[in-house]
Novice: 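Before we start, here is the structure in question, set down as C-alpha cells.
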Amino acid sequence: MDGATELGYVLEFGQINAANIADVGGKGVALGELSRIDGVRVPDGFCVTTEAFQRVVSAVPSFDAQLELLAKVDPDDPAAVRALSAEIRAVIEGAPVPDDVVAAIGESLARLGEQAACAVRSSATAEDLPTASFAGQQDSYLNVVGRAEVLAHVRRCWASLFTERAVVYRRRNGFDHRGVRMAVVVQRMVFPDAAGVLFTADPVTSDRRTAVVEAVWGLGEALVSGVVAGDVYTVRDERVVDVSVGDKARVVRASPAGGTEEGPVEAGRSVRRALTDEQAVRLVGLGRRIEAWFGRPQDIEWCLSGEEFHVVQSRPITTLFPVPVADDQDNHVYVSVGHQQMMTDAMKPLGLSFWQLTTSRPMAEAGGRLFVDVAPVLATAAGRANLIGTLGKSDPLIRDALQTVVDRGDFIRAVPEEESGVAPAAAPPAPIETDPELVAELVRDGRESVAVLRRRIEELSGPELFEFILADIAELRRLLFGPRSFQAIMAGMEAAWWLNDHLEEWLGERNVADVLTQSVPHNVTSEMGLALLDVADVIRPHAEVVAFLQRVAAEDREGDGFLEELGELPGGREAAEAMRGFLERYGMRCPGEIDITRTRWSERPAMLVPVILGNVRNFEAGAGARRFEQGRQEALRKERDVLARLRALPDGERKAAETERMIARVRTFAGYREFPKYGMVCRYLAYKQALWREADRLVRAGVLRDREDVFYLRFQELQEVVRTGEADGELVRRRREDFRWHETLRPPRVITSDGEVLAGRYQREDVPPGALAGLAVSAGTVEGRARVVPDMARADLAAGDILVTAFTDPSWTPLFVGIAGLVTEVGGLMTHGAVIAREYGLPAVVGVEGATRLIRDGQRIRVHGTDGYVELLD
C-alpha cells in the first residue's frame with residue numbers, strides 16, 4: 001500500500017475483522033467478517049475509516065461546543081433537537097476534506113473501477129452492535145457513480161451521524177454523542193432480480209429453528225421503505241413450511257442518471273413469487289452459515305442476481321430474548337422466575353447470584369433474568385398435572401403457554417414417573433389449626449434472627465465476611481422455607497381457596513375471600529403503607545417543611561443529608577424523626593428489592609418524598625388508623641352476612657360452622673404471607689452494607705475503579721477478588737455493557753430451548769369486545785382515571801386514580817393507600833400486589849398483557865376486579 005492508505009483513512013474489506021469496530025463501525029466490521037466466510041458472496045468494497053471523519057471534524061472550531069450543547073438538549077424536545085442537529089450537519093457537510101483523505105478514497109475507488117456504481121452507506125461505531133442495532137438511524141445511498149459523487153455522499157454519511165432520529169436514539173439508549181464516530185462503507189452495487197431480508201430466527205416468536213425470508217422484485221429499498229409488502233417465506237428444518245405472496249406492484253431500480261427510481265411492476269408479475277422453495281431454502285442455508293460465524297441470530301440483507309445470492313449486510317437481531325444456555329442437546333422449557341416474584345427488570349450479576357444462593361434451586365440465566373427448566377416435570381403425567389394446575393392458579397398465561405407445549409406432543413417426550421429422574425412431589429404438610437400465637441412466634445423468631453445478624457456482621461471484613469454471609473444465607477433459607485413457616489402460608493392460601501370455591505357454590509358469590517381478608521393482623525407490607533400515612537400526619541401542619549420537601553422532590557436528591565437540613569425548620573425535627581423511624585422499620589425496601597444491588601429507601605430517602613407529599617395532599621390526619629379499622633369492620637360485616645345467609649340454607653349450620661372456621665384461619669394466617677420476604681430484604685440490606693465497605697476498601701487499594709463494580713461480579717467472584725486482591729476490569733466492563741442491553745429486553749413468561757417465546761393467552765368468552773383480559777385478584781368494580789406509572793418515585797397520583805404499571809412489589813404499597821384500583825401486566829393470585837390490594841379492598845386485575853402500552857395515561861377505565869378485565873371508556 002502507498003503512504004496515503006497507511007495513514008489509516010481507508011481499509012479494504014479483506015483487512016477488516018472484529019477488532020476494527022472503532023475504525024470502521026458495526027456495518028464495516030460485519031462486511032469484513034462476511035467476506036471471510038466460505039460460500040458467502042459479498043460485493044467488493046472498502047471502508048472510509050473513523051480516522052478520516054475525525055480528521056475532518058477536528059478541524060471545525062465549533063464542533064466540540066456544539067456537541068456539548070447537544071448533550072444537554074432534552075430528547076423529548078423535538079424542535080430543539082431538530083435545530084441543533086441541522087446546524088451540526090451543515091457544519092460537517094461544509095467542512096473541507098484534506099487532500100490525503102481524498103487521495104486515499106480515490107485510490108480504493110479506482111480498484112473498484114472509476115465508473116463503478118457503488119452503494120455508499122454509513123457505519124457508525126454505535127451501529128449494528130450485538131446490543132443495539134441502530135438500524136436506519138444514519139443514511140445510505142445507492143447507485144452512486146464517479147469519484148466526485150462518491151466523495152459528496154461520503155460527506156453526507158458523515159453528517160447523517162447527527163440526523164434528528166439518530167440523536168434521539170443515542171440519547172435514549174445511553175450513548176454519548178462525543179463517543180460515537182462515523183465510518184463509511186463504499187461497496188460495488190449489485191443490480192438484482194430480487195432482494196430482501198432474511199431473519200435467521202423468527203422475529204415474532206423468537207424461534208431459532210425457524211427462519212423468515214422477505215423478498216421483493218428489484219432492490220430491497222422497496223421493502224425497507226414500505227413501498228410494497230413482499231413475499232414472506234417461513235423455513236424450518238430445511239423446508240418451506242409457509243408462503244405468503246405479497247402484491248409487489250411497485251419496484252425500486254437503479255436510475256440511469258444515478259440513484260434509484262420507483263416504478264410499476266410489469267403486468268402479471270406483481271403476484272408471482274420472487275423466490276422458489278429451493279432458492280428460499282438455499283438462502284436460509286447461507287444464513288445459517290453466517291449465524292454460526294457470528295454466534296447469534298442475524299438480520300441479513302441479500303440480493304439475487306441470476307442464480308447467485310449476494311449478501312450486502314448482516315446485523316444481530318437485538319430484539320430477541322437470549323436463550324438460557326444448556327450443556328446438552330435436550331429440549332428445555334424455561335419458566336420466568338421474575339413473573340412469579342413480580343420483578344421482571346434485569347438484574348445485575350451480584351443480584352442474580354444472591355437470589356440463587358437464597359433459593360438454592362437450580363436456575364438458568366438469560367438476559368439478566370432467572371428461569372426454571374420445567375421440562376422434566378412436564379414429561380410425567382403427574383408432574384405435568386400438578387405443575388400446570390399450580391401455575392394456572394397463579395398465572396393463567398403461563399398455564400396456557402405450558403399447555404401449548406404439551407399439546408404439540410413433539411417437544412416434550414413423555415416418560416414414566418420412575419424414569420423421569422424427578423423426585424416425587426412431597427406430601428402436603430399436615431393442616432394446622434388456627435393458632436394466632438404461631439404467627440406471633442414466627443414473627444418474633446424472624447426479627448430476633450435479623451437482630452443477631454446485624455450485630456455480628458458489623459465486626460467482619462475480608463474472607464471472614466464472605467464465609468459468614470454464606471453461613472447466614474442458610475439461616476435465611478430456614479426462615480423462608482422452614483416447615484412451620486410454609487404451613488402457616490399454605491394455611492392462609494388454602495383457606496382463601498376453600499372460601500372462594502365453597503361460597504361461590506353455596507351462595508353464588510365470587511371471590512368472597514377478597515373482602516374477608518381486609519385489615520388482617522401481622523401484614524408487615526400493608527402496615528408499611530399505613531405507617532407512611534402517619535409520617536404525613538407529622539409533616540402536614542408545617543408549611544415550611546412541606547415546601548422544603550417539595551424542593552427535595554424536584555431535585556431528586558441523593559443520600560439522606562436533607563434530613564439534617566429538615567431539622568432546622570419549624571416542625572422539621574419532628575418530621576425528620578418520623579421519617580427516620582419509618583426508615584428504621586422499612587428502609588430496607590425498594591422497587592425490585594429481590595435484587596440486592598438495588599438502591600434501598602434508607603440509602604436514598606428522597607425516593608419516598610413524592611409519596612409522602614401525595615399523602616399530605618390527599619388525606620386528613622388519622623387516615624392510617626381509620627383506613628385499617630374501616631377494612632376490619634367491612635370484613636366483619638361480610639363475615640356476619642355470609643354466615644347468616646349460609647344458616648338459611650339446607651344443612652346451613654354445618655356449612656356456617658365450617659365457613660366460620662375457615663374465616664378464622666384465613667384472617668390468622670393471610671397476613672403472615674408477607675413476612676418471610678420482609679425478613680429476607682432485611683438481611684439483604686445488612687449484606688449489602690457490609691459488601692459496600694469491602695467495595696470501598698477495594699477502590700482505595702486500586703483493585704476496583706468504582707464501588708459499583710462489585711455489582712457486576714457474582715458473589716463467588718467477588719469473594720475471590722477479596723481473597724486475591726485482583727479483579728478482571730474487562731469482565732466488569734463487558735458485564736456493564738451487557739446489563740444496558742438486558743435492560744432493553746422484555747422477558748418472556750415461557751421460552752423454549754429453541755428460543756421460541758410462548759406468550760400464552762386467556763381462554764375467556766366473558767370479556768366484552770375491546771376490553772383487556774387479565775386475572776381477577778381483588779373483587780369489586782371501580783371506574784376512574786388511569787395513571788400509567790413506570791417509576792414509583794415519580795408517581796403523581798390523586799385520590800381515586802387507578803394505578804396502571806408493569807408490576808408491583810412491596811415497595812409500591814405506599815401508593816396503594818391513595819388509589820381506587822390496580823392494573824398490572826404481571827402478577828398472580830398470591831403475588832404481593834394482589835395480597836395488598838385485597839388487604840386494602842382495592843379492585844385489581846393483574847396479568848393484563850401490554851397494559852402500560854394499551855392504556856393511555858389519563859384515560860378513563862373501569863376495572864372489573866371480580867371478573868378479571870379492564871374496560872377502556874374513552
Side-chain angles (χ1 to χ4, degrees), residues 341 343 345-359 368 370 446-447 449-477 479-480 524 528 558-560 580 582-608 676-700 703-722 727 732 735-736 739 792-793 809-811:
Q341 290 295 324
M343 163 55 180
D345 289 350
M347 296 172 68
K348 299 183 181 76
L350 188 65
L352 291 167
S353 63
F354 254 99
W355 186 248
Q356 291 177 82
L357 287 169
T358 300
T359 59
L370 292 168
R447 292 189 186 280
S449 179
V450 170
V452 170
L453 161 69
R454 286 172 172 166
R455 287 196 303 271
R456 295 188 59 193
I457 203 169
E458 286 290 330
E459 308 164 358
L460 302 174
S461 64
E464 189 181 6
L465 169 65
F466 287 80
E467 292 169 7
F468 173 80
I469 290 175
L470 284 174
D472 190 75
I473 287 174
E475 168 70 358
L476 169 56
R477 288 201 297 266
L479 294 167
L480 281 174
V524 67
M528 175 178 66
E558 300 286 342
D560 60 359
R580 287 194 177 101
F582 180 89
L583 292 170
E584 177 61 29
R585 295 193 301 275
Y586 305 110
M588 71 295 297
R589 312 220 84 147
C590 67
E593 63 190 13
I594 69 170
D595 183 350
I596 197 173
T597 71
R598 290 292 191 105
T599 302
R600 310 283 147 172
W601 288 341
S602 60
E603 297 171 318
R604 191 177 173 194
M607 290 192 290
L608 289 169
K677 190 171 187 180
Y678 170 78
M680 182 194 79
V681 295
C682 286
R683 295 185 115 81
Y684 271 21
L685 178 58
Y687 299 156
K688 184 182 181 185
Q689 289 170 334
L691 293 176
W692 266 148
R693 294 193 294 271
E694 289 299 302
D696 289 338
R697 184 179 63 79
L698 292 168
V699 170
R700 289 193 300 270
V703 177
L704 297 178
R705 294 181 59 186
D706 183 89
R707 71 186 320 215
E708 288 198 4
D709 285 355
V710 298
F711 292 165
Y712 299 93
L713 297 169
R714 298 172 133 339
F715 179 84
Q716 295 84 351
E717 293 169 342
L718 180 55
Q719 185 177 20
E720 187 66 9
V721 169
V722 168
V732 171
R735 285 186 176 168
R736 283 182 179 271
F739 180 72
M792 172 202 157
D809 61 10
S811 70

Novice: Between CD of E694 and CG of L704, what distance do you get to the nearest 0.5 Å?
Specialist: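 So the CD of E694 and the CG of L704 are separated by 10.5 Å.
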Novice: side-chain contact (heavy atoms from CB on, under 4.5 Å), that's the test. Do L691 and F466 meet it? Break it down for me.
Specialist: CA-CA 9 Å; L691 293 176; F466 287 80; 3.7 Å; yes
Novice: Could you tell me if the side chain of Y678 sits less than 4.5 Å from the side chain of M528, heavy atoms only?
Specialist: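 Not in contact.
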Novice: Using the ring pair (Phe, Tyr, Trp, His ring centres under 6.0 Å) definition, which of the options F468, F354, F715 pairs with Y687?
Specialist: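 Result for ring pair (Phe, Tyr, Trp, His ring centres under 6.0 Å) with Y687: F354.
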Novice: So W355 and M680, do their side chains get closer than 4.5 Å, heavy atoms only?
Specialist: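 The answer is yes, as the side chains (C-beta and beyond) meet within the 4.5 Å cut-off.
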Novice: Taking all non-hydrogen atoms of both residues into account, name the closest pair between A695 and V710 and its distance.
Specialist: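 Shortest heavy-atom contact: CB-CG1, 3.6 Å.
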Novice: Should C590 and T599 count as side-chain neighbours, where that means a heavy-atom distance under 4.5 Å?
Specialist: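 Side chain of C590 against side chain of T599, heavy atoms only: no contact under 4.5 Å found.
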Novice: So, are E603 and K688 salt-bridged, with charged N and O less than 4.0 Å apart?
Specialist: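 Yes, charged N to carboxylate O under 4.0 Å.
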Novice: State, yes or no, whether a side-chain contact exists between E475 and S449 at a heavy-atom distance under 4.5 Å.
Specialist: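 Result yes, sub-4.5 Å side-chain heavy-atom pair found.
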Novice: Taking all atoms of both residues into account, what is the closest heavy-atom pair of K348 and D595, and its distance?
Specialist: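 Closest heavy-atom pair between K348 and D595: N-OD2, 3.5 Å.
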Novice: Minimum heavy-atom separation for V703 to A727, with atom names?
Specialist: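 What the structure gives for the nearest pair is O-CB, 3.7 Å.
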Novice: Once rounded to the nearest 0.5 Å, what's the spacing between atom CD of Q689 and atom CZ of R693?
Specialist: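 CZ of R693 is found 7.0 Å from CD of Q689.
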Novice: What are the two closest heavy atoms between G592 and M343, and how far apart are they?
Specialist: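 Closest pair (atom of G592, atom of M343, distance): CA-SD, 3.5 Å.
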Novice: Would you say that I457 contacts I469 through its side chain, given a criterion of any heavy-atom pair below 4.5 Å between the two side chains?
Specialist: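 They are in side-chain contact.
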Novice: Run R600 and E593 through side-chain contact (heavy atoms from CB on, under 4.5 Å) and show every step you take.
Specialist: CA-CA 8 Å; R600 310 283 147 172; E593 63 190 13; 3.5 Å; yes
Novice: How far apart are the closest heavy atoms of R598 and A346, and which atoms are they?
Specialist: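 The answer is NH2-O, 4.4 Å.
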Novice: Kindly compute the distance separating CG (D560) from CZ (R580), expressed to the nearest 0.5 Å.
Specialist: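 One finds 7.0 Å between CG of D560 and CZ of R580.
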Novice: Looking only at non-hydrogen atoms, find the nearest pair between D809 and P591 and report the distance.
Specialist: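 Minimum heavy-atom separation between D809 and P591: OD2-C, 3.6 Å.
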Novice: Does the side chain of F582 reach to within under 4.5 Å of the side chain of S602, using non-hydrogen atoms?
Specialist: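 SC-SC contact between F582 and S602 ruled out.
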Novice: Should the heavy atoms of other residues, nucleotides or ligands under 6.0 Å from CD of E464 be counted, would the total exceed 12?
Specialist: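 It does not: E464 CD has 12 such atoms or fewer within range.
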Novice: Quick check for you: to the nearest 0.5 Å, what is the distance between T597 atom OG1 and F739 atom CZ?
Specialist: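 If we round to the nearest 0.5 Å, T597:OG1 and F739:CZ are 6.5 Å apart.
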Novice: Are M792 and M607 close enough that some pair of their side-chain heavy atoms sits under 4.5 Å apart?
Specialist: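 No, every pair of side-chain atoms sits at 4.5 Å or beyond.
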Novice: For the atom pair SG (C682) and NZ (K677), what is the distance rounded to the nearest 0.5 Å?
Specialist: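 So the SG of C682 and the NZ of K677 are separated by 13.0 Å.
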Novice: How are the rings of W692 and F711 set relative to one another: parallel (under 30°), tilted (30 to 60°) or perpendicular (over 60°)?
Specialist: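 If you compare the ring of W692 with that of F711, the planes turn out tilted.
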Novice: Sort out for me which residue in T358, I473, L479 forms a side chain to side chain contact (heavy atoms under 4.5 Å, CB included) with R683.
Specialist: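 Looking at T358, I473, L479, the match for R683 under the side chain to side chain contact (heavy atoms under 4.5 Å, CB included) is L479.
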Novice: Please lay out, stage by stage, how L476 and L357 fare under the test side-chain contact (heavy atoms from CB on, under 4.5 Å).
Specialist: CA-CA 10 Å; L476 169 56; L357 287 169; over 6 Å; no
Novice: Less than 4.5 Å apart, any side-chain heavy atom of R714 and any of R735?
Specialist: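 Of all side-chain heavy-atom pairs linking R735 with R714, at least one is under 4.5 Å.
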Novice: Apply side-chain contact (heavy atoms from CB on, under 4.5 Å) to Y586 and V681, showing your working.
Specialist: CA-CA 10 Å; Y586 305 110; V681 295; over 6 Å; no
